[in-house]
Amino acid sequence: MKFPGKRLFLENSSPLPLIESCKSIKQALQVHSQIIVNGLHRHIFSMSRLISFFALSGSKDGLNHSRLLFSQIDCPNLFIWNTMIRGYSRSDSPQEALVLYMSMIAEGVESPNNFTFPFLLNSCARLSSLEPGHEIHCHIIKNGYQSDLFIRNSLIHLYSVFGDLSHARVVFDGSFVRDLVSYNTMISGYAQDLPRAALCLFREMLDMDIQPDEFTFVALFSACSVLTDPQIGKQIHNLLYKNLSSIDSNILLKSAIIDMYAKCGLMKMAEQVFSAIRNSKSTAAWSSMVLGYARCGEIEIARHLFNKMAERDVVSWTAMISGYSQTGQYSEALELFVEMEDQGIKPDEVTMVAVLSACARLGALEFGKRIHHQYIENGSFDQNIILTTAIINMYAKCGSIDAALKIFHGIQENRKTSFLFNSIISGLAQHGLGETAIRFFREMVSAGVKLDEGSFVAVLCACSHSGLVEEGKKLFESMFDVYGIRPQMEHYGCMVDLLGRDGRLEDAYDLIQKMPFEANSVIWRALLGACRIHGNVKMGEIASQKLLEVEPDHGAHYVLLSNMLANSDQWDEAKRVRKLMEDRHIQKPPGWSYIELNGTIHQFLASNKSHPQAKEIELMHKEMAVQLKSVGYVPNTAQVVFDIDEEEKGTVVSYHSERLALAFGLVNCSPKDVIRIVKNLRICGDCHSVFKLLSEIYEREIVVRDTIRFHHFKTGSCSCLDFW
DNA sequence: ATAGGGTTAG
């Protein structure tokens with residue numbers, strides 16, 4: 001390509017206007033060569049113009065080229081140093097800005113000025129540690145620039161980025177002059193973590209007669225999104241209308257409003273704003289709509305919008321994936337993630353969190369492991385405690401508590417959050433490792449990590465799964481007395497479970513009576529479970545009746561009640577309950593089990609033989625029966641209440657979904673592999689005995705996750721020690 | 001030549 005302005009390079013003429021009019025790096029390179037040809041490369045002013053162009057071009061090549069030119073200058077002036085620092089502050093390697101700054105000081109020719117520090121602080125704000133930022137702050141004071149408004153505003157930004165809002169506020173409050181930018185920066189800093197403080201500061205800003213602009217409103221809507229308070233959101237929206245003459249209502253602002261309404265679940269309002277911009281391809285606004293609809297349960301509308309998007313970025317894909325994940329459609333979430341990978345879109349931390357959460361809920365260990373190894377272990381992600389928590393949660397919920405613990409122990413003490421502790425404690429609880437769970441709980445307390453409702457749910461669960469009655473009672477009492485956390489329904493549920501399993505049914509019932517709220521189905525189900533274990537039919541019937549009142553549409557409750565009656569030989573009553581169920585057209589919820597093989601999830605429904613490998617599975621199933629018979633096993637059909645003969649009952653039990661999944665696992669997994677099964681209901685008593693026997697017969701380790709906990713079957717026994 | 005913005009999350 002010929003550059004049009006060649007004739008400008010006459011003797012004594014300056015190439016400056018040309019550099020300014022360059023539209024591309026390529027053109028600028030041509031100008032550069034012309035400068036050299038004309039001997040102007042010793043001309044410091046031309047060179048500094050050229051360096052600026054390349055350094056601020058926004059491209060990596062441009063920046064590298066400017067560095068090359070920079071290194072050829074003997075004694076760069078402050079403007080050139082500043083320009084280089086500014087270039088790196090926006091690049092992929094902001095730490096390079098600090099390196100340059102240090103060498104500038106080391107050379108001792110130039111000292112930093114009021115322009116240097118905002119660029120440097122911008123670089124610091126993009127590093128992974130606040131430490132360099134602190135050092136630069138010291139330099140600012142040493143050089144006497146602490147009252148410069150631009151520098152103060154950059155400092156507020158720096159501290160907010162690292163979540164140190166109190167420090168940001170100290171800088172804000174210590175400024176003699178505060179302008180619109182000071183307020184906007186501070187309000188944006190507050191928006192995500194302290195939304196109420198953001199609104200307060202906005203009020204203060206109005207009192208000080210500082211007119212808000214579109215940036216202010218974007219931050220305010222972001223705060224309202226966090227608050228999910230539609231009242232306040234609407235108020236701010238009205239205020240925006242009043243100020244509209246002075247405010248540029250751009251697409252970013254509209255996106256923030258859409259996001260606010262979507263987060264508040266007001267999809268009609270969101271739709272109104274969205275209709276004005278739906279033809280533009282604002283991916284943020286579309287993504288907010290997608291997530292908004294998904295969260296309202298309108299997953300099909302969400303998917304429809306997602307499909308119609310002109311362009312999808314990571315955020316859009318993540319919105320749809322977490323939409324599936326948050327509405328319980330975990331397989332769909334993973335499927336969409338694979339599609340995203342196929343399209344060559346790189347997931348980010350947030351995508352990983354959504355995908356790992358779906359893996360955890362499904363018990364998809366292989367899938368979760370792949371994500372961990374492929375993206376996170378050799379990955380480019382920052383050390384992010386939310387992501388680490390998601391990984392630990394995935395391993396724990398998928399039955400690999402050892403892997404979870406190993407990662408947990410590798411985390412620095414000061415990075416351990418409540419979420420992290422709660423997650424590992426509930427993982428330990430699910431595995432029946434009550435003592436260890438309590439140890440972690442104590443560690444959490446002594447480390448000064450804040451306890452919350454979730455911490456107590458986790459630790460009380462751990463007590464109940466391990467039969468630690470006295471510890472559980474003490475912890476429950478200390479909850480409010482020591483930690484000031486008022487027990488909620490979930491905590492009472494744990495206690496009912498804890499007392500009930502221990503056979504203290506009267507105590508459990510008393511606790512339900514004394515609770516400050518009406519018991520929900522979870523509580524009655526816990527009591528009923530305990531009644532079944534301890535054979536207390538009378539209280540069991542009370543619990544069942546209550547269950548039918550609270551949730552009359554839930555088939556499982558009818559089954560539980562009729563089981564209970566049948567077990568105490570009240571066959572007529574049992575039949576009556578069955579009849580009631582039929583009359584109300586209530587279906588028994590289907591039992592299913594998952595097993596993962598090579599990253600694919602295979603689902604088995606009870607008595608369903610439609611799997612592609614049905615023949616092999618059936619053969620293995622027969623073989624299992626023969627083996628069981630040879631060790632003298634007799635089916636326990638206590639939990640089958642159908643009015644059928646004994647032999648048939650045995651057949652029904654033997655086709656439970658977990659058995660089919662196990663047969664599939666024995667056919668397909670290599671002998672050293674652990675067979676991992678996830679069930680949507682509690683494992684039945686007979687299957688539990690059978691799995692113990694088969695773990696010995698086939699010398700296999702089998703892990704079953706049911707709705708309550710994990711069962712590790714090995715050499716003829718189960719980790720739950722039959723306490724479940 | 002300098003400062004501030006929206007979307008995803010356990």
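A note on names: the letters A, B, ... follow the listed sequences, proteins ahead of strands, and every chain is numbered from 1. FYI, side chains are in, hydrogens and waters are out, and symmetry mates aren't considered; it's all heavy atoms of this structure.
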Exercise. May I have the distance from A:Asp259 (atom CG) to B:dG6 (atom P), rounded to whole angstrom?
Key: 10 Å
Self-check item: Minimum-distance nucleotide (side-chain atoms of A:Ser222 versus B:dT7, B:dG4, B:dG10)
Solution: B:dT7
Quiz item: Does a side-chain N or O from A:His157 land closer than 4.0 Å to OP1 or OP2 of B:dG4, or not?
Solution: yes
Quiz item: Does any donor-acceptor pair link the side chain of A:Asp213 with the base of B:dG4 at a separation under 3.5 Å?
Solution: yes
Practice problem: Kindly point out which of B:dA9, B:dA3, B:dG5 is positioned nearest to the side chain of A:Arg295? | Solution: B:dA9
Quiz prompt | Under the side chain to side chain donor-acceptor pair (under 3.5 Å) test, residues paired with A:Thr351 that sit two or more places apart | solution = A:Thr318, A:Asp348
Quiz item: Taking only N and O in the side chain of A:Gln192, is any of them less than 4.0 Å away from OP1 or OP2 of B:dA9?
Solution: no
Self-check item: Residue pair A:Glu214, A:Lys254: steps toward the salt bridge (Lys or Arg N to Asp or Glu O under 4.0 Å) verdict
Solution: CA-CA 10 Å; A:Glu214 60 268 31; A:Lys254 291 207 171 84; over 6 Å; no
Quiz item: Does A:His304 have its ring centroid less than 6.0 Å away from the ring centroid of A:Tyr293?
Solution: no
Quiz item: Which nucleotide in the set B:dT2, B:dG10, B:dA1 lies at the smallest distance from any side-chain heavy atom of A:Phe150?
Solution: B:dT2
Quiz item: If you measure from the ring centre of A:Phe115 to the centre of the six-membered ring in the base of B:dT2, is it under 5.5 Å, with the planes under 30° apart?
Solution: no
Exercise. Specify the separation, in whole Å, of atom CE of A:Met352 and atom P of B:dA9.
Key: 15 Å
Quiz prompt | Rounded distance in Å - OH (A:Tyr101) to P (B:dT2) | solution = 20 Å
Quiz item: Stepwise, does the ring-ring contact (aromatic ring centres under 6.0 Å, His included) test hold for A:Trp317 with A:Phe337?
Solution: CA-CA 8 Å; A:Trp317 284 89; A:Phe337 174 71; 9.5 Å; no
Exercise. With the side chain of A:Arg86 defined as its heavy atoms from C-beta on, choose the nearest nucleotide among B:dG10, B:dT7, B:dT2.
Key: B:dT2
Quiz item: Out of B:dG4, B:dA3, B:dG6, which has the shortest distance to the side chain of A:Asn184?
Solution: B:dG4
Quiz item: The side chain of A:Asn384 lies closest to which of these nucleotides: B:dA9, B:dA3, B:dG4?
Solution: B:dA9
Self-check item: Atom-to-atom span, CD1 of A:Ile277 to C1' of B:dG6 - whole angstrom
Solution: 10 Å
Quiz item: Any idea which of B:dG4, B:dT7, B:dT2 is nearest the A:Pro118 side chain?
Solution: B:dT2
Self-check item: Between B:dA9 (P) and A:Ile391 (CD1): distance, integer Å
Solution: 18 Å
Practice problem: Provide, to the nearest angstrom, the distance between the CZ atom belonging to A:Phe221 and the P atom belonging to B:dG6. | Solution: 13 Å
Quiz item: A:Tyr190 OH to B:dG5 C1': how many Å, rounded?
Solution: 18 Å
Quiz item: Would A:Phe421 and A:Phe408 count as a close aromatic pair, with their ring centres under 6.0 Å?
Solution: yes
Quiz prompt | Given B:dG5, B:dG10, B:dT7, the nucleotide with the shortest approach to the side chain of A:Asn250 | solution = B:dG5
Exercise. Respond yes when some side-chain nitrogen or oxygen of A:Asn122 is under 4.0 Å from OP1 or OP2 of B:dA3, and no when none is.
Key: yes
Exercise. Calculate the interatomic distance between A:Met186 atom CE and B:dG4 atom C1'; express it in whole Å.
Key: 12 Å
